[in-house]
Amino acid sequence: AVTQGPADRARSSSLVIGLSSSATTLDPMNTTSVGTDLSVLSSVYSSLVIRQPDLRIGPSAAMSWERVAPTRWRFHLDPRARFADGSPLDADVVVWNIQRLVNKGNGLRMTSNFPDLKGAEKVDASTVDLLTSRPSPNLPDALSMLFLLSPQWTETHDPAAEAMGSGPYEITSYSPGGNIELRARPDYWGPKPAIGNVTFRVTPSQSAQVSGLLSGELDAVAGMDPQDLDRLRADRNIAVQQLDTTRMAFIKLNTLTGPMQDLRVRQAVNYAVDKRAIADSLLKGSVDESPGQLLTKDYTGYTPGLQPYQYDPQRARQLLAEAGYGPGKPLNVQLSLPSGQYVAAELVVQAVAQQLREVDVNVEIRSEPFAVYMQKYLKENAMPDMQYITQAWPTLSADGLYGLFVSSSPYAYWQDKTFTDAVTTARATEDVAGRDALYAVAARQAREQAPVLFLFPQPGIYATAKGLSWQARPDDWVRPADMAWTEGER
Amino acid sequence: MSTLLEVSGLNVRFPDTGVLAVRDASWQVPAGEVLGLVGESGSGKSATGLAVLGLHGPEAVLSGSIRFNGEELLGAPEARLRELRGSEISMIFQDALDSLNPFRSVGAQVAEAYRLHHPVRKAVAKQRAVEMLDRVGIAEPHRRAKDYPHQFSGGMRQRVMIAAALINEPSLLIADEPTTALDSTVQAQVLELLADLQREMGMAVVLVTHDFGVVQEVCTNIAVMYRGRVVETGNTRQVLQDGRHPYTRALVASVPTMQDEPGGTLPTVREVVTSLVGPIDDEALADPDLRIPEGREYESGLQPDDALTTVVDGALLLSVRDLSVTFPGGLGKPARDAVQGVSFDIAVGESFGLVGESGSGKSTISRVVTGLQAATTGQVRFDGAELSGMSRRSLSRRIQLVFQDPYASLNPDRTIGDAVGAPLTVAADGTPALSRAELRRRVEGLLTEVGLDPELADAYPDQLSGGMRQRAGIARALSVEPALLVADEPVSALDVSVQAQVLNLLVELRRKRGLALLFISHDLTVVRHMCSRIAVLASGSIVEIGDSADVLGTPQSEHTRALLAAAPDLERVG
Amino acid sequence: MSTYLIRRVGLSVLAIWGALSVVFLILHASGDPALLMAPAGADPAQIAALSHALGYDRPLGVQYLAFFGDALRGQFPDSLQFQQPALEVVFQRLAATAVLAGAALGLAVLGALAIGFGTGARRVDGSHREWPMWLVYLLQAVPNFYIGVLLVWFFGVVLGWFPTSGATEPASVVLPAIALAAGVLPPLARVFRTSLRTELARPYSRTGTALGMGRGRVVRHAAYGSLLPTITVLGLEAGALLGGTVIVETVFSWPGVGQLAISALQNEDYPLVLADLTFLILVFVVINLIVDLAYGVLDPRVRHKG
Amino acid sequence: MIQTPQQQTRRRPVGGIVGAVLLGLIVCATVLAPLLAPHDPLAQDLLHTNAAPGEHGYLLGTDQLGRDMLSRFLHGARTPLLVGVLAVLCGGVFGTALGLISGFARGWWDQLLARLADIQLALPSILLALMVLSFGGRSTAVLVLVIALTGWPAYFRLVRSRVLALRQLPYVEASLLGGLPTWRILLRDLLPGVRGLVAVTATLDLSRAVLMEAGLSYLGLGAQPPNPDWGLMVAEGQGQLLSAWWIAVLPGIGLVLLVLGANLLGERLSVRRVAAS
Ligand SMILES: Nc1ncnc2c1ncn2[C@@H]1O[C@H](COP(=O)(O)OP(=O)(O)OP(=O)(O)O)[C@@H](O)[C@H]1O
Ligand SMILES: Nc1ncnc2c1ncn2[C@@H]1O[C@H](COP(=O)(O)OP(=O)(O)OP(=O)(O)O)[C@@H](O)[C@H]1O
Ligand SMILES: [Mg+2]
Ligand SMILES: [Mg+2]
């Protein structure tokens, strides 16, 4: 094919990024998927604060911020910040955006990420206060996902189909489900991005991603399948970065109904699966097995020193026998997974199912569209006995991720007083050591009670054309503004 | 007179099926003369005609010699043949509907035929085509040239075909049964046109046909084919009246004519041949050297049976009063009055004939009478009872139908015995169902009665010849012992030689069973032969009805006279 | 001709109505779409409110009528995935599918004609080639998606000649078009070849030869007659073509309406499914209507009827 | 150039035989798979994933989970065959019965059924199937039904038009005149008349059904993992074309052979049928 190769693109300062699925909307408040929608939109819109490549929170539209009261955060806006149409990004804009967000009637998806946010008050033209209903130390972390629209523009345009933001890029071409093209704004008020033209190309199929990289059609792809690692590493023109993501992969067990109510069964399935072997063969050793933890190391509040469930089918059989199952009376369970959503999930699930089958647990695998899967999970409260899921929390705090497991959470399917108490108390504890101690209690309890079948962090494999400098990150952001072509390569 | 076309020792073989369609055939046509090529179906007439123009596909293997104006055509290069085709030698085929391209206007087709051999501009060819259409008798040729074949009637289409074939004024025309698909009156017109054009253009014609009447009218010479061989050639009059080959003589004898005494037994080919040369098999009969021994004459076995053809005064069996049938029009199709105000009666044991041209409503009447079609108005009474009030089952016990097409009237997936016995398995009211053995016995009896081997009960229709199938169909109709038999063109699909056998069978059955017969045909000679009273039908109405002898002898209506005039009849020397 | 036209249009409208009713019923058998539209964590009252706002709590019959009223005006609710009017989303994808289907159709028709002429019209010496038909049999046996996968593998990956995914440059259309054409070509080639043979065997072709036409001319005239059944099959294959786009677009990530249908179904994007299917059904029926009308134009026997 | 019906039978019969042999082999392999397969098709060997054909004693290699491709290949025709045959039976019986009744009864009944078939045809079948399977639940029974549902109009239309022609034939009218009841005429005169037609349609429909099952499995709506199913296997191996082509390519060949077999046989049957009628 007569496509431009990375070398040509480096010269012309353009870049092609492979997206595993198309953007579903251009409205930044109506999506929470970081890997696709928000990564694109973060180039077009700006947020008050931004999570930097080193995972720390840094300034963006807000130059600085402080907590003036337990439930009041004050943000000082950058006076230079302007939308592409020239209108300023001032306190009024922020107030309007926060109102748009917290109004439940708008039915925006982002709203649920801000359960504590009450509203905003203008202090002066470039200062604004955000109010929360209770002390919310992690608000800035959450705000790194909130992008700001222009109120006037939104009145006359459909933000789902068009975009006009205050970010470094503007969209030059978009159709739902199709490729997205960006161009650097010449009048951008912040630091100029290094790359002028960016294309997000939709390449859902794994093989298309790989062949695109190999042929030079794509310059950067995130979330590659570990199965392709060897192939990618072997190519001189491709650089591979590999790290654990902040997403933990596990198989959630429905402890509220069915056979997984029985602790012995939950522990048995944990013993029955050889996480090591799966990580080594299917994930090509790109990750380590989880030490019986719901968090990855990157979270504040992580408890070191826990031990994973060892692979011990004998033990598993014994536990199952105690629970009343065995070869004569095999345990039949359903295991669902969302199709095409998570890296290597299809393989991992099949491997798990086969290993469980060896201890006489018959697993029926149901692969479902993500929407259906989520509907069963959250809206109908009808999660099957087991379901493969990966979970992360954008603020990278134990509080957030553990919050998904407290008794009151619809995500939990687990009611454990010890765990819930520890997490709730920790939330109100300002002192770091005390909080970590509480989180350790929660972590041990979770390991012991096994509300999930612990697996491993989701592997993060990023492939880029040689010559593209970019620091891959464990959260899912892929921001072209962070990328640059280095001179002299190729 | 010089010989234009000379066929000698022609063989046409189809290796794939092993059929020898033409064997060692020789005949010739002098320039400007008409040769009739006659013979029954499958005797190789078409195969011969196609061979002349090299129109056989690669699956045919030809040998022998075909000389046209002294030039050998067999094995001539395709390019040379293409030059000759349509310009020197033309051919027209039987079915005019299919012989014309349905997707092109007739003018374009005739014009193209001209342009294929004359390098002229389109407009010139168009003009020529219109002239030619005019010449073959198409009214308003200028306008009609733009019409498509389906907008023409059968006779008109055949005229167009003739125009296309003759536009280059060929010296030889091969006409392969050009009129068999047409009505008898139309047939006569087309033949007349052909004869006129032949005289005007002075061309030679090879007329392929199986109709002796036609041959007698237009041909100077005749070649008779049988089983792929030419068994006799010669002057038409002489061959027809005094054929030297037993097959020729037999064929001529088996055709009913206007001179015959009606109602008698027709001689069949086999009978005649046997009486002429003794028992002989088909292959030996096909030997062209076979001759009727001097002095041997066929003793006509015609024994006219007055009882069958004279008017009977029996009790009234069927009475049709003011019958009309209208087929409702569909979307965009006008309604069609197929039958209008028809009345007639049939007495017990009477044989009643219905003649008329195609589309005159004959079949429709037969279908109404048998209950397959409802009358729109009027009434049909059978044995005093209103037909529409009778159940299908009880009606079927009284009236039965013999179909025209013997091939389609038997289910190919059922044995003959099954077909014949099926009506018997429907238990008549009050009678117990037949046992298997009894059924079989009855079926065998019926088969024997119609002159079929009872063994054939286990045969499938495709193992039977057309004549045998027609007999099976008759056996089925007879199985329920009906009082009235309706026969809708029962012999028109059959060869002359077989036709005689089936007609004889019907006559004999009537004699034995006292059946009443409603006999439908477009062929006057056949109706005259079979019926004591006839009705002439024209566009749905009866134009003349009466005793057979009166109607045909002193026709009162214009229509009947036209029918009579058009029927080419064989004059047989007594 | 005019009654023919009226009748055809009437039947088409009937078919569209019926097909849409089926779609409507299947979708509604699956439960309250509002459940899907509501944000995660919405309480039952909110869902009920949404359901009410969108009219999903009305009796089925009322919804049915409303659905047709809206469909007639081209109004569908917003797509759940894209948060835009569903029909707009479909239209945005239309061009891609039109390009793909057009290219595939062109390929298939050309291929079918070539194979049909090559194997259907014997030359004067009686020889004819059969082998292209084996290709047709083989193509007919290969599933759409498998052809796609093989093409990706061989031409995209091994040889690297063509892009294998998306619609980014003119060359992108090559592989998906071939994959799609492979499904449509066999029936077309077969019907064209068979009807060419039938037409050549009909008496009028023999008449042509008897009047002195060369082989080429005879075949040309016969080909016209063979076009009619071929066009009929083409109309019927439009369904296969539309169905094929669903799979082929998925294999090649081609951003068209077929892939949209799949993703809408997978995400239970109820309004989008409705809009997309309505549109596809409309296209299919209209294509068949055009075929019928083409028949009326091309076949004088139909042209002059009624 | 004259062509007679005989000529069409002259086609070389290899196709039919090849088709029959292919189908036979595949059916045998499927039935005997438990005996022939060297491994359990579900057993995983995580140490030897993506083994190339011949490696580690796996004749056709292994897939991403280290499952023996040969064993999976041998088992892979079970679902397509089972679903295909059942769907053809359902669709065939349904379509034929309706076609017979519709063609014989004519009138508004006939019009109703014919319009139903039109409507059915206006719905692209793969989309209809996808819709039913996504919204109506996934199971083998639904799969069979939906494939049968998209198949019946073919039988219906053919049988109906054939019956419309047949019922005008003298032998059917002869049965009417013989006083036979309608059901007997349907069974003895009309059904045999469409028998061959139905057989041919069914053979060709089998390939359609198999293709559809494979397509749906490929899209994830047919057979579910870890089932060895050819269509599903192609989908699973598709991502590995670069490094392990055999995972996707081999099962596809199985599908091609199966469909080719059915088509060739159907073709042959239809040629016979043309010659016989
Ligand atoms: N293309 C062919 N292939 C094989 N056999 C053929 C072919 N054409 C004709 N025959 C056979 O050759 C024989 C003579 O056929 P032909 O058509 O010449 O008969 P015919 O005298 O014209 O009969 P009819 O009056 O029915 O037209 C028949 O047995 C026929 O079956
Ligand atoms: N089912 C029908 N629907 C409409 N018109 C019909 C139908 N059957 C016959 N007709 C028309 O009724 C008229 C009489 O037809 P019928 O078959 O009775 O004629 P026929 O005298 O038997 O002709 P032929 O000698 O050709 O058999 C014809 O014009 C025919 O077109
Ligand atoms: Mg002939
Ligand atoms: Mg008639």
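So you know, we letter chains A, B, ... as the sequences are listed, proteins then strands, and number each from 1.
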Verdict with supporting geometry, D/Leu211 and C/Phe145, side chain to side chain contact (heavy atoms under 4.5 Å, CB included): CA-CA 10 Å; D/Leu211 281 177; C/Phe145 63 86; over 6 Å; no

message: Could you go through D/Leu219 and C/Thr250, starting from their C-alpha distance and side-chain angles, then the distance that decides it, and tell me whether this counts as side chain to side chain contact (heavy atoms under 4.5 Å, CB included)?
response: CA-CA 9 Å; D/Leu219 292 173; C/Thr250 306; 4.1 Å; yes

- prompt: Could you walk me through whether D/Val259 and C/Gln140 pass the side chain to side chain contact (heavy atoms under 4.5 Å, CB included) check?
  reply: CA-CA 8 Å; D/Val259 177; C/Gln140 196 176 20; over 6 Å; no

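Residues D/Pro124 and C/Ile281 come closest through the heavy atom pair CD-CG1, 4.2 Å.
If you measure heavy-atom distances from C/Ala261 to chain D, the contacts under 4.5 Å come from the side chain alone. Interface remark: C/Leu282 contributes no atoms to any contact with chain D (heavy atom separation under 4.5 Å). For a residue to count as touching a neighbouring chain, one of its non-hydrogen atoms must lie under 4.5 Å from one of that chain's; by this rule C/Leu150 touches chain D with the side chain only. Interface remark: C/Val142 contributes backbone and side-chain atoms alike to the contact with chain D (heavy atom separation under 4.5 Å). At a 4.5 Å heavy-atom cutoff, the contact between C/Val149 and chain D is made by backbone and side-chain atoms alike. Contacts between D/Val249 and chain C at a heavy-atom distance below 4.5 Å involve backbone atoms as well as side-chain atoms. For a residue to count as touching a neighbouring chain, one of its non-hydrogen atoms must lie under 4.5 Å from one of that chain's; by this rule C/Val23 touches chain D with backbone and side chain alike.
Under the 4.5 Å side-chain criterion, counting only non-hydrogen atoms from C-beta, D/Gln238 is not in contact with C/Val152. D/Leu255 places none of its side-chain heavy atoms less than 4.5 Å from the side chain of C/Tyr146.
Rounded to the nearest 0.5 Å, atoms CG (C/Leu265) and CG (D/Leu127) are 7.0 Å apart. Remark: D/Leu130 CG to C/Leu277 CG distance equals 9.0 Å, nearest 0.5 Å. In this structure, OH on C/Tyr137 lies 7.0 Å from CG on D/Leu264, to the nearest 0.5 angstrom. Taking CG of C/Asp276 as the start and CE of D/Met131 as the end, the distance is 11.0 Å to the nearest 0.5 Å. Rounded to the nearest 0.5 angstrom, D/Ile119 CD1 and C/Leu11 CG are separated by 10.0 Å. The line from CG of C/Asn144 to OH of D/Tyr218 is 10.0 Å long, rounded to the nearest 0.5 Å.
Between chain C and the residues D/Met212, D/Gln120, D/Arg115, the largest count of heavy-atom pairs under 4.5 Å involves D/Arg115. Chain D forms more heavy-atom pairs under 4.5 Å with one residue of C/Ile16, C/Val251, C/Leu241 than with any other, namely C/Val251.
For the side chain to side chain contact (heavy atoms under 4.5 Å, CB included) with D/Ile126, the qualifying choice from C/Ile262, C/Thr245, C/Leu242, C/Ile247 is C/Ile247, the only one to do so.
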